[in-house]
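All values below were derived from every heavy atom in this structure, side-chain atoms included, with hydrogens, water molecules and symmetry-related copies excluded. Note that the structure is a prediction, hence the values are computed from the model and not measured. First the proteins, then the strands, lettered A, B, ... as listed; each starts at 1.
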Amino acid sequence: MDFQLSEEHLMVQKMVRDFVQKEVKPVIQEWDRKQEMAPFILPRMAELGILGINIPVRYGGQGFDYITLGLVCEELEAGDSPLRVVMSVHMGLNSMALLQWGTEEQKQKFLTPQATGEKYACFGLTEPGAGSDVAGMKATARREGDEYVLNGEKMWISLASKAHHALIVARTNPDADPHDGLSAFIVELDRKGITTGDIHGKLGMRAGSTGYIAMQDVRVPVENRLGEEGEGFKIAMSCLDNGRYTVAAGATGLIRASLDASVKYSHERKAFNKEIGQFQLVQQKIAYMVQQYETSRLLYLKAGWLKNQGVRNTRETSLAKWYATDASFDAASEAIQVHGAYGYSDEYDVERYLRNSKGGVIYEGTSEIHQLMQAGYALGYRKDADLRCELPAYDAEYWQAEG
Amino acid sequence: MKIAVFVKQVPDSAAKLSVDNGAVNWGDAPLVINPWDEYAVEAALQLAEKHNGEVAAISMGGEDAKEALKHALAMGAGSAMLISDAALANADAAAAAKVFAAAVQKLGGVDLAIFGKQAIDSDTGLAPAMTARVLGWPALTMLAAIPALDAGAKTIKVERAIEEGRQVVEGKLPAVLSIVKDYAEPRYPSFMGIRKASKAEIPVWSLADLGISAPESKVRWTEISAPPAREVTSEMVTGANADEIAAKLADLIIAEGVL
Ligand SMILES: Cc1cc2nc3c(=O)[nH]c(=O)nc-3n(C[C@H](O)[C@H](O)[C@H](O)COP(=O)(O)OP(=O)(O)OC[C@H]3O[C@@H](n4cnc5c(N)ncnc54)[C@H](O)[C@@H]3O)c2cc1C
Ligand SMILES: Cc1cc2nc3c(=O)[nH]c(=O)nc-3n(C[C@H](O)[C@H](O)[C@H](O)COP(=O)(O)OP(=O)(O)OC[C@H]3O[C@@H](n4cnc5c(N)ncnc54)[C@H](O)[C@@H]3O)c2cc1C
């Protein structure tokens with residue numbers, strides 16, 4: 001057992017932390033108030049190489065391992081959750097699916113520009129009428145010769161209005177069992193028949209982009225289908241194994257930010273002639289945040305380690321995601337409590353942390369869905385069947401070679 | 001063009017300093033590359049990019065100074081070397097300058113030796129000028145810009161940031177430079193640079209490797225003490241309107257003798 005991060009890990013962590021501190025922290029409150037994603041975020045993340053961090057160099061990425069991806073997400077969300085959401089959808093839910101399921105042509109055509117950051121990517125699974133119940137989706141893809149014709153609407157899609165490529169899941173066989181009748185496609189969002197837009201008035205993730213993708217008779221060549229026809233449900237679930245990993249790591253960063261803010265304020269604020277850190281009831285809050293941070297971190301790093309080894313980690317990733325997001329909501333709420341009335345104002349960061357943290361317990365499997373999964377595994381009702389394409393284990397030599 | 005850039009590993013600026021048993025203690029604060037040296041590395045890299053040069057980063061210190069060198073490598077420096085020798089334990093600025101000059105000479109063919117403005121631990125800011133003196137090169141210090149450099153003709157024109165404003169100076173290469181914040185925001189290490197740096201084996205030079213004997217330090221720290229804690233009181237100035245507050249504030253400033 002080795003708990004030591006490598007020198008490479010530590011240097012990447014510091015680099016991303018510096019980026020967040022210097023460029024994001026000073027302006028994030030302003031963009032959160034405006035309810036807009038700062039226009040510099042995506043190009044800057046692309047330029048710095050963050051958008052391709054764990055993709056092999058031969059596909060335009062930076063060639064780091066899956067643990068590095070987790071560390072990056074922790075640093076990003078310690079600044080603002082929408083930064084990490086970028087990595088969840090662009091990397092976890094889309095680019096990693098291409099790495100796992102894509103043909104060589106699809107990797108060249110879609111993955112490479114995504115890893116270099118020339119193109120941004122998103123993930124369209126949820127619909128107005130179906131979220132947790134993925135198999136209940138309505139969107140259809142009808143085969144016509146060498147093309148599919150897509151119809152339907154995807155809702156609550158992060159980066160819908162910013163991305164160039166979307167991984168869309170739609171029903172190809174209405175007669176099959178709902179789980180077997182779905183297929184996945186990489187859809188360029190400038191195709192005819194697509195409209196996208198943003199949703200406003202969200203509780204949190206205000207400096208991020210969440211929107212919809214409406215598809216009316218959108219024609220997509222067969223080459224854009226990811227995996228086999230009918231494999232869409234399995235692909236979507238495998239995407240979530242990676243997306244949830246980024247969410248777990250990010251939530252860990254949110255807990256750390258709540259903890260750091262609370263420690264700082266506990267030293268500064270005086271009540272009853274003492275700094276409030278001296279009160280045992282405040283100390284208890286800090287102690288829980290430390291516990292939540294360390295536990296979440298161990299859980300996501302273990303999932304990242306399993307990914308590096310090429311071991312299936314649906315169960316471990318679900319546990320990390322469930323625990324870390326619930327804990328981040330709790331930690332952010334207690335951080336407000338420590339700040340008293342000041343925590344209730346957007347002059348301080350902690351109220352934003354709470355609003356953002358609520359997203360984490362909803363997307364990529366609500367906490368309830370993860371409870372069902374964990375109980376299912378424990379009771380033996382749930383088993384993971386092998387996939388036709390597993391996420392490749394991290395192989396430094398292959399990842400770092402020029403190709 | 002060959003550029004040597006000097007970097008030092010120092011305690012983080014957020015460190016809480018104390019004096020324990022006559023020695024400075026910065027607790028468990030992390031060690032980082034001296035922030036001023038990041039500007040020096042940035043200047044070195046920009047000059048190298050513009051004039052097709054190579055950058056070698058040099059540090060003097062213990063094993064942990066390799067981290068500062070790795071930071072410079074990750075930013076883009078081509079090579080790095082550490083000068084480490086037990087005889088350098090309490091070297092003062094003049095002794096260090098002799099070592100730096102010897103390192104520049106060992107590298108050979110150096111056109112520019114670049115330093116940060118000062119190191120945030122000892123804060124003397126003497127290294128650039130003293131190294132220039134030992135080398136017999138011009139010292140062009142506190143540079144905010146380098147508007148012209150002709151590597152062929154070996155000439156350089158610089159803008160120094162001085163209290164009165166900017167001073168434009170022309171000089172000849174080889175030269176020793178020190179860089180201030182206005183020069184340019186230092187770049188982050190790149191991911192590819194991080195990979196290269198984490199794999200780099202950094203050579204360690206002893207005084208014997210430099211071909212010099214231990215330089216004598218003239219300065220000794222006879223006593224170290226922490227400055228007395230300052231009592232700060234704060235007062236909120238209130239009033240019916242901005243004019244009234246401003247008037248009260250002005251009175252207070254005059255009464256306190258601040259102006
Ligand atoms: C900020 C944000 C960003 C998002 N980004 C994306 C994105 O990029 N791509 C994408 O595809 N989707 C995205 N989503 C959508 C998200 O994945 C869904 O909201 C989520 O899956 C839940 O689905 P739902 O909202 O339809 O809720 P429902 O599924 O309708 O659930 C409502 C409630 O019922 C509970 N429930 C449902 N089924 C069960 C059950 N079997 N047992 C017990 N309880 C149950 C749920 O836990 C929940 O409490 C995003 C959502 C948000 C808020
Ligand atoms: C929306 C809103 C409306 C309000 N309206 C009014 C109003 O109309 N009139 C009015 O007078 N005030 C009002 N307030 C102020 C409110 O009453 C105070 O915020 C509250 O009393 C807490 O004080 P504080 O914010 O200074 O926090 P602090 O007292 O600084 O507390 C900070 C943290 O330290 C903890 N703490 C403090 N002392 C101890 C201790 N001895 N032991 C353990 N823990 C301790 C607190 O529980 C808290 O977690 C309002 C506040 C809000 C948010």
Looking only at B/E185, B/M192, B/R195, most heavy-atom pairs under 4.5 Å shared with chain A are made by B/R195

Using a cut-off of 6.0 Å, state whether more than 12 heavy atoms not belonging to A/K22 lie near its atom NZ. yes

How about A/K264: does its NZ atom have over 12 heavy atoms from other parts shown lying under 6.0 Å from it? no

Next on the checklist: Could you check whether atom CG of B/D123 has more than 12 heavy atoms from other residues, nucleotides or ligands sitting under 6.0 Å from it?
Outcome noted: yes

The interface call for B/E67 against chain A, heavy-atom contacts under 4.5 Å, is neither

Whatever's closer than 4.5 Å to a heavy atom in chain B on A/L10 counts as neither

Rounded to the nearest 0.5 angstrom, the NZ-CD distance for B/K70 and A/E8 is 10.5 Å

Notebook entry, point to check: Would the number of heavy atoms belonging to other residues, nucleotides or ligands and lying under 6.0 Å from NZ of B/K181 be above 12?
Noted result: no

Next on the checklist: Within the 4.5 Å heavy-atom criterion, are A/K14 and B/Y188 side-chain neighbours or not?
Outcome noted: no

*asked:* Can you confirm whether more than 12 heavy atoms, excluding those of A/Y398, are under 6.0 Å from its OH atom?
replied: yes

Between the CE atom in A/M11 and the CG atom in B/L73, the distance rounded to the nearest 0.5 Å is 7.5 Å

_Within 6.0 angstrom of B/D28 CG, more than 12 heavy atoms from elsewhere_ = no

When rounded to the nearest 0.5 Å, the distance separating OG of B/S190 from CD of A/E47 is 11.5 Å

Exercise for the section: Step through the shown structure and confirm whether more than 12 heavy atoms of other residues, nucleotides or ligands are within 6.0 Å of CD on A/E268. Expected result: yes

Exercise for review: Find out whether A/T68 and B/F191 are in side-chain contact, i.e. whether some heavy atom of one side chain is under 4.5 Å from a heavy atom of the other.
Suggested key: no

Applying a strict 4.5 Å limit to non-hydrogen atoms, the region of B/K199 in contact with chain A is side chain

